[in-house]
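Below is one structure, written out as structure tokens, with a few remarks after it.
By convention here, the first residue in the shown sequence is residue 1.
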Amino acid sequence: MFKSDLLIEKLNDPNVCQKFGFNTENIMCMFLPDTYFVYWNISPDDFMERMHKEYKKFWNEERLEKAQVMKMTPTDVGIMASIVQSETNKKDEMPRVAGVYLNRIATAMPLQADPTIKFAVGDFSIKRILNQHLSINSPYNTYVHTGLPPGPIALPERVAINAVLNHETHNYIYFCAKEDFSGYHNFAVSYTDHLKNADIYQA
């Protein structure tokens with residue numbers, strides 16, 4: 001029953017976000033896409049309480065332990081998961097993509113994730129990231145800033161969060177779209193091999 005602007009007001013209120021352990025930039029990590037049964041006349045406050053309850057239920061002891069081993073908070077995992085699911089819609093590939101980003105973080109290399117540039121620019125219709133986009137002044141520009149952006153760039157789904165928590169351990173640093181247009185990617189350890197894969201795709 002409540003209007004969307006009432007919820008947006010809550011999401012932009014630092015005190016409300018802090019109550020649930022978030023800030024206005026990462027509060028969306030609390031919302032897990034799913035089907036929920038709620039009464040039609042639920043209030044914005046009760047709705048957020050319910051979402052927080054579902055969030056706490058999802059982040060059980062096993063998942064919290066996995067995040068701790070990775071030296072990441074649940075929010076960190078959610079932010080990375082939002083990038084992973086924006087890079088690939090292939091669920092079986094998500095753990096490998098997550099491994100690439102974790103390898104980049106481990107070597108202090110910028111994530112260089114194109115979806116974060118789309119988010120920073122605010123134009124999700126962009127088909128190709130150009131050099132002019134890469135210079136945008138934004139904390140979400142992962143070509144300029146190392147580490148994770150301050151918040152998720154999409155609603156991280158459970159499958160993507162689990163993919164980060166159960167990521168593949170490998171030496172891949174790079175990936176680009178496969179030449180068969182299947183939606184999958186070719187992965188590479190070296191930049192030289194990555195350029196070869198890119199040439200194959202472009203050809």
So [X] and [Y], would you call those rings parallel, tilted or perpendicular, with 30° and 60° as cut-offs?
X    : Y    : value
F124 : F119 : perpendicular
H194 : Y191 : tilted
Y101 : F175 : perpendicular

Mind checking whether [X] and [Y] have side chains closer than 4.5 Å, heavy atoms only?
X    : Y    : answer
H170 : V100 : yes
V16  : K19  : no
V189 : I173 : no
F58  : I161 : yes
R63  : V77  : no
N26  : N23  : yes

What distance separates M70 CE from D76 CG, expressed to the nearest 0.5 Å?
->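 M70 CE to D76 CG: 9.0 Å, rounded to 0.5 Å.
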
Is there a donor-acceptor contact under 3.5 Å linking the side chains of N186 and Y174?
->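 N186 vs Y174: no donor-acceptor pair found between side chains.
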
With no hydrogens and no angle check, do the side chains of S182 and D180 hold a donor and an acceptor under 3.5 Å apart?
->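 D180 and S182 do have a side-chain donor-acceptor pair below 3.5 Å.
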
Is the NZ or CZ atom of R96 positioned over F187's six-membered ring, under 6.0 angstrom from the centre and within 45° of the axis?
->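 Pair R96/F187 counts as cation-pi.
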
Near [X] [atom1], under 6.0 Å, is it more than 12 heavy atoms from other residues, nucleotides or ligands?
X    : atom1 : result
N171 : CG    : no
K56  : NZ    : no
Q18  : CD    : no
N137 : CG    : no
Q68  : CD    : no

Side-chain ion pair, K53 and E49, N-O less than 4.0 Å |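 Salt bridge flag = no for E49 with K53.
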
Do you know the tightest heavy-atom contact between [X] and [Y]?
X    : Y    : answer
L155 : F31  : CD2-O, 3.6 Å
S82  : P156 : N-CB, 4.0 Å
F22  : C29  : CE2-CB, 4.0 Å

Test of ring centre spacing under 6.0 Å for Y201 and F181 |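 Yes, the ring of Y201 comes within the 6.0 Å limit of the ring of F181, centre to centre.
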
